[in-house]
Amino acid sequence: MSAVIPVAQLHAHPRLGAHPLIVIALCAEWCGTCREFRPVLARIAAAHPEIVFAWADIEDDAEIAGDIEVESFPTLALIRNGEPLYFGATLPLENVVTKLLRAVADARTGMAGIPDEVAHFAAQLGR
């Protein structure tokens, strides 16, 4: 299994039952920054096998992403046990994303202001 899976395969991931931290990169094929970010995310995922990483193209995966509004790319959604912990744009830099993952991995609750659409998406994963 690849270190970063398509979001459509996320429900079938064998580790979901263990309630790992899930990182979903919300991007777009037409976004040059996203295309540059994809191999960076793959390196981060390879270095953190305890975390599940998924890639969602907001256009190709619109049915899955639902009504989640993405204003800046790349945007990350970090979820654990059906709870959204973080949702926001990030710099597509390996050290920035790694620091974010470390901070969120220890969080007991999510950040304030996460959109309802992201919470709904996260709840679907927690089932």
A.B. asks: Quick check for you: to the nearest 0.5 Å, what is the distance between C27 atom SG and D61 atom CG?
C.D. replies: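 Rounded to the nearest 0.5 Å, the SG-CG separation comes out at 11.0 Å.
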A.B. asks: At their closest point, which heavy atom of I79 faces which heavy atom of P84, and how far apart are they?
C.D. replies: CG1-CA, 4.2 Å
A.B. asks: Take V104 and V23 through the test side-chain contact (heavy atoms from CB on, under 4.5 Å) and record every step on the way to the result.
C.D. replies: CA-CA 10 Å; V104 172; V23 176; over 6 Å; no
A.B. asks: Going from CD on E69 to CD1 on I58, what distance comes out if it is rounded to the nearest 0.5 angstrom?
C.D. replies: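 Rounded to the nearest 0.5 Å, the CD-CD1 separation comes out at 9.0 Å.
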A.B. asks: When hydrophobic residues are tied together by side-chain contacts of less than 4.5 Å, even through go-betweens, does L91 share a cluster with V4?
C.D. replies: no
A.B. asks: If you apply the rule side-chain contact (heavy atoms from CB on, under 4.5 Å), what do you find for L26 with I68, and how did you get there?
C.D. replies: CA-CA 9 Å; L26 297 153; I68 297 173; 4.3 Å; yes
A.B. asks: Does the pair L78 and L101 meet the rule for a side-chain contact (heavy atoms from CB on, under 4.5 Å), with working shown?
C.D. replies: CA-CA 8 Å; L78 280 66; L101 293 178; 3.6 Å; yes
A.B. asks: For residues 21-49, pull every pair meeting side chain to side chain donor-acceptor pair (under 3.5 Å), keeping only residues two or more places apart or in separate chains.
C.D. replies: W30-E59, R43-E94, H48-E50
A.B. asks: Can you name the nearest heavy-atom pair linking I114 to Y86, along with the distance?
C.D. replies: CD1-N, 3.7 Å
A.B. asks: State, with a plain yes or no, whether a side-chain heavy atom of E83 is found less than 4.5 Å away from one of R80.
C.D. replies: no
A.B. asks: Go through the structure and list residues passing side chain to side chain contact (heavy atoms under 4.5 Å, CB included) with A89, not counting sequence neighbours.
C.D. replies: S72, T75
A.B. asks: Let me know which of L76, I5, I44 forms a side chain to side chain contact (heavy atoms under 4.5 Å, CB included) with F53.
C.D. replies: I44
A.B. asks: Determine, using the 4.5 Å side-chain heavy-atom cutoff (strictly less than), whether F73 and L93 are members of one ILVMFWY cluster.
C.D. replies: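 Result: no, two separate clusters.
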A.B. asks: May I ask whether I51 and V96 are part of the same hydrophobic cluster, defined by side-chain heavy atoms of I, L, V, M, F, W, Y residues being less than 4.5 angstrom apart, directly or through others?
C.D. replies: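 No, no single cluster joins them.
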A.B. asks: Measure the shortest side-chain to side-chain distance between P20 and V52 over non-hydrogen atoms and say whether it is less than 4.5 angstrom.
C.D. replies: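 Yes; the side chains approach each other to less than 4.5 Å.
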